Amino acid sequence: MAFLGGRGCFDGARARRYPRVTVTSPPVVRFAPSPTGYLHVGGAHSALANWMFARRHGGRFLLRIEDTDTERNRPDLLDGVLDMLRWLGLDWDGEPVHQSDCVGDHRAAADALLASGDAYWCDCSPEQVQARAKERGGPPGYDGHCRDRGLAEGAGPLRFRVPPGTTAWTDLVRGEVSFDNATIEDFVLLRSNGTPMFLLANAVDDAAMGVTHVIRGEDHVNGTPKYLLILRALGRTEPTAFAHMPLLVNESRKKLSKRRDDVSVASYRDEGFLPEAMVNYLSLLGWGPPDGVEVRPIAEIVDLYDLADVNPSPAFFDRKKLLHVNGEWIRGLALDDFLARARPFLPGDDAAAALAALGPLVQERVRLLSEVADMVDFLWMDEPPVDDAAWDKVMVRGKAAPEMLDASTAELTALEGWTADGISAAVERAAITAGFTKPDGSPQMAKAPAPVRVATTGRSVGPPLWESLAALGRDRTLARLAAARVRLAG
RNA sequence: GCCCCCGUCGUCCAGCGGCCCAGGACAUCGGCCUUUCAAGCCGGCAACGCGGGUUCGAAUCCCGUCGGGGGUGCCA
């Protein structure tokens with residue numbers, strides 16, 4: 001059978017949780033997305049596992065586009081997926097294989113199975129199958145009705161004749177998994193219209209592509225015995241290794257769903273998550289580095305990551321921790337790199353210049369690139385928005401706001417030069433004038449600058465004030481202090 | 001219903017028979033630092049689902065039980 005190729009190369013060795021994964025010849029793995037237009041974080045998780053495995057063992061990471069039954073083979077939808085893989089840095093080897101180009105192989109495999117007696121034609125409609133199951137009272141599913149009827153190709157589907165016995169494999173992350181074949185119904189290989197079903201196409205394509213290790217989500221465990229049965233019936237003798245990764249779940253421990261969860265990798269990118277952080281965090285779901293150092297380059301993780309160490313239980317996709325990891329990565333960026341990456345999240349050159357003026361001070365205060373704009377908007381906007389809560393708290397209910405604004409205006413007007421240090425000293429003097437003093441007469445700087453900050457930036461939090469005002473300039477600083485004073489009086 | 005998988009702090013991991021009255025990280029709480037906010041540092045709270053075994057000794061092995069999830073399409 002020409003379409004069956006590839007070589008097996010899984011060897012168990014060294015007791016660990018399960019045999020540590022060793023590879024004796026270059027492995028071939030694949031990620032098989034459907035062209036849905038977006039990459040799901042769960043998909044990214046298993047794509048990453050495949051990619052890391054290939055890179056770690058010097059193998060090949062292939063892509064196969066499962067586009068057989070999808071509405072249309074729309075290139076734009078595929079691009080959405082490929083773009084995200086590129087963004088994450090998961091580069092694949094060779095050109096992606098389109099499953100739709102392989103239907104000939106699928107048919108050939110079906111023919112072979114029919115010829116060997118491992119498949120047979122059926123003429124039961126789904127309704128009939130269902131009706132009989134209901135009547136039987138037992139489990140739903142096909143009952144083998146047409147097994148021995150010797151039907152010729154007709155209006156019905158081609159079914160696989162599941163043999164008696166058990167089907168088992170040693171899963172790289174789960175250990176021994178076995179199924180009693182009696183619990184597996186005679187599943188459909190070819191639809192009534194002659195098109196191949198996922199299971200057949202999947203198994204045949206993997207064999208044709210020489211896939212040695214199938215690494216995918218746990219939701220595929222149940223399909224594995226069928227996959228194995230098909231390949232065995234087709235005479236493939238090379239063993240395929242399997243690794244079923246833990247599912248990514250939401251707060252209610254349910255598989256992440258497009259409907260109710262944020263699952264699109266693109267949406268995380270658009271929020272300002274760094275691809276390095278994304279991939280770093282994803283690697284931490286189901287696995288942990290032996291030395292406990294969680295935030296680190298993916299290259300290091302590739303060297304440390306072993307499928308035998310993957311925890312098989314479902315993992316909660318924790319946005320809070322992702323944010324933390326992202327913050328670490330942002331702070332670790334070189335300044336120029338940080339500015340460049342933040343640029344797309346800023347509205348224009350003025351904003352970019354504003355960010356550049358306070359670069360490092362902003363960099364260590366954001367966890368998302370999308371947060372930078374709000375931190376420097378007071379620098380490039382003529383009239384930055386005033387946070388009502390901040391105004392109310394500091395200006396209205398806070399103490400001595402008018403006095404502080406007046407004193408600051410006087411000190412800053414008289415200030416020689418316009419530097420952060422000078423501004424700092426000026427505001428300290430203003431604090432004393434305005435009555436913000438500690439028992440020992442020193443200025444109470446924890447509170448005093450608040451009115452100045454709200455007046456000039458519109459917010460109660462932000463980058464350090466002295467540097468902010470230095471960047472703002474004397475004229476604009478004084479103008480805003482005056483405007484705030486007017487608003488306060490009014 | 002049937003099949004399969006899973007079960008250590010709220011969460012993600014460590015733990016592979018004694019080093020564990022369980023360790024790290026995130027979150028959370030408190031403190032320090034401090035011009036706000038972050039960052040950083042210090043400290044606190046917090047878990048082996050339950051029941052039986054095996055063993056001198058079990059979070060670690062076995063059985064059961066309970067709980068959770070996944071799969072049960074002529075979708076992929």
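Chain identifiers are assigned alphabetically (A, B, ...) following the order of the sequence lines, protein sequences preceding nucleic acid strands; residue numbering begins at 1 within each chain. Every value quoted in this text rests on a predicted model; they were computed, and no experiment measured them.
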Q: Please classify the nucleic acid contact of T183(A) as base, sugar-phosphate, or nothing, using heavy-atom distances under 4.0 Å.
A: sugar-phosphate

Q: Over how many whole Å does the gap from M404(A) atom CE to U36(B) atom P extend?
A: 13 Å

Q: NA contact type, G286(A), heavy-atom cut-off 4.0 Å: base, sugar-phosphate, or nothing?
A: sugar-phosphate

Q: Could you check whether E467(A) gets within reach of a base, just the sugar-phosphate, or nothing at all, counting any heavy atom under 4.0 Å?
A: base

Q: Fit a plane to each ring of F160(A) and F187(A), take the angle between them on a 0 to 90° scale, and name the class: parallel (under 30°), tilted (30 to 60°) or perpendicular (over 60°).
A: parallel

Q: Taking CG from D180(A) and P from U72(B), how many angstroms apart are they, rounded to a whole number?
A: 19 Å

Q: Which nucleotide sits closest to the side chain of M197(A): C12(B), C74(B), G40(B)?
A: C74(B)

Q: So what does P463(A) hit on the nucleic acid, given a heavy-atom distance under 4.0 Å: a base, only sugar-phosphate, or nothing?
A: base

Q: Taking the minimum atom-to-atom distance to the side chain of V177(A), which one of G24(B), C37(B), C5(B) wins?
A: C5(B)

Q: Give the nucleotide from the list C6(B), C74(B), A38(B) with an atom nearest to the side chain of P126(A).
A: C74(B)

Q: The side chain of E185(A) is closest to which nucleotide in this list: C13(B), C74(B), G73(B)?
A: G73(B)

Q: At under 4.0 Å between heavy atoms, what does A315(A) touch on the DNA or RNA strands: base, sugar-phosphate, or nothing?
A: sugar-phosphate

Q: Atom pairs, N/O to N/O, protein against nucleotides 65-71 of chain B, distance under 3.5 Å?
A:
from   : atom 1 : to      : atom 2 : distance (Å)
G70(B) : OP1    : K255(A) : N      : 3.3
G70(B) : N2     : N222(A) : OD1    : 2.9
G70(B) : N2     : N222(A) : ND2    : 3.4
G71(B) : OP1    : K255(A) : NZ     : 2.6
G71(B) : O4'    : N222(A) : ND2    : 3.3

Q: Side chain of F179(A): nearest nucleotide among A76(B), C13(B), C3(B)?
A: C3(B)

Q: Just do the ring pair (Phe, Tyr, Trp, His ring centres under 6.0 Å) check on F273(A) and Y281(A) with the steps written out, would you?
A: CA-CA 11 Å; F273(A) 283 98; Y281(A) 176 64; 9.1 Å; no

Q: C48(B) and U60(B): how far apart are their C1' atoms, nearest whole angstrom?
A: 10 Å

Q: Suppose we call two aromatic rings close when their centres sit under 6.0 Å apart. Are Y268(A) and Y38(A) close by that rule?
A: no

Q: With both distances under 3.5 Å as the test, what is the Watson-Crick or G-U wobble partner of G64(B)?
A: C50(B)

Q: Taking the six-membered ring for Trp, are F242(A) and Y227(A) parallel (under 30°), tilted (30 to 60°) or perpendicular (over 60°)?
A: perpendicular

Q: I'd like to know if R296(A) pairs up with D291(A) as an ion pair, taking the criterion as any Lys NZ or Arg NE/NH1/NH2 lying under 4.0 Å from an Asp or Glu carboxylate oxygen.
A: yes

Q: Counting the benzene-type ring for Trp, do Y305(A) and W287(A) have ring centres under 6.0 Å apart?
A: yes

Q: Rounded to the nearest angstrom, tell me the gap between atom CD1 in I184(A) and atom P in C3(B).
A: 12 Å

Q: Does any nucleotide pair with G40(B) by Watson-Crick or G-U wobble geometry, both distances under 3.5 Å, and what is it?
A: C32(B)

Q: Need the pair for A27(B). Rule: Watson-Crick or G-U wobble, both distances under 3.5 Å, any strand; none if unpaired.
A: none

Q: Write down the partner of U72(B) under the Watson-Crick or G-U wobble criteria, each distance required to be under 3.5 Å.
A: G1(B)

Q: Can you list the steps and then say if D206(A) with R30(A) is a salt bridge (charged side-chain N to carboxylate O under 4.0 Å, His left out)?
A: CA-CA 8 Å; D206(A) 278 349; R30(A) 48 72 173 177; 2.7 Å; yes

Q: Just call it for A446(A): base, sugar-phosphate, or nothing, with non-hydrogen atoms closer than 4.0 Å on any strand.
A: sugar-phosphate

Q: For the residue pair R459(A) and F378(A), would you count it as a cation-pi contact if the rule is NZ or CZ under 6.0 angstrom from the ring centre and within 45 degrees of the ring axis?
A: no

Q: Which of the following nucleotides, U35(B), G40(B), G7(B), is nearest to the side chain of L465(A)?
A: U35(B)

Q: Taking only nitrogen or oxygen atoms into account, show me every contact under 3.5 Å that the protein makes with nucleotides 27-31 of chain B, one pair per line with its distance.
A:
none

Q: Test Q99(A) against every option in D205(A), D105(A), D67(A) by the side-chain hydrogen bond (donor to acceptor under 3.5 Å, both in side chains) rule and name the one that passes.
A: D205(A)

Q: Which part of the nucleic acid, if any, lies within reach of F316(A) when heavy atoms closer than 4.0 Å are counted: base, sugar-phosphate only, or nothing?
A: sugar-phosphate

Q: Roughly how many Å is it from CG in L358(A) to P in A38(B), rounded to a whole number?
A: 18 Å

Q: Taking the cut-offs as 6.0 angstrom to the six-membered ring centre and 45 degrees off its axis, would you call K399(A) and F436(A) a cation-pi pair?
A: yes

Q: Looking at A76(B), A14(B), G40(B), which one has an atom nearest to any side-chain atom of N311(A)?
A: A14(B)

Q: If you look at every strand shown and take non-hydrogen atoms under 4.0 Å, does S178(A) touch a base, only sugar-phosphate, or nothing?
A: sugar-phosphate

Q: Taking side-chain contact (heavy atoms from CB on, under 4.5 Å) as the definition, give me every residue that meets it alongside A277(A), ordered by chain and number, with sequence neighbours left out.
A: L274(A), V325(A), N326(A), W329(A)

Q: Choosing from U35(B), C5(B), A39(B), which nucleotide comes nearest the side chain of R174(A)?
A: C5(B)

Q: Any strand counts, and the cut-off is 3.5 Å on both contacts for Watson-Crick or G-U wobble. Which nucleotide pairs with C56(B)?
A: G18(B)

Q: Could you tell me the separation between the CD atom of E153(A) and the P atom of C74(B), rounded to a whole number of Å?
A: 18 Å

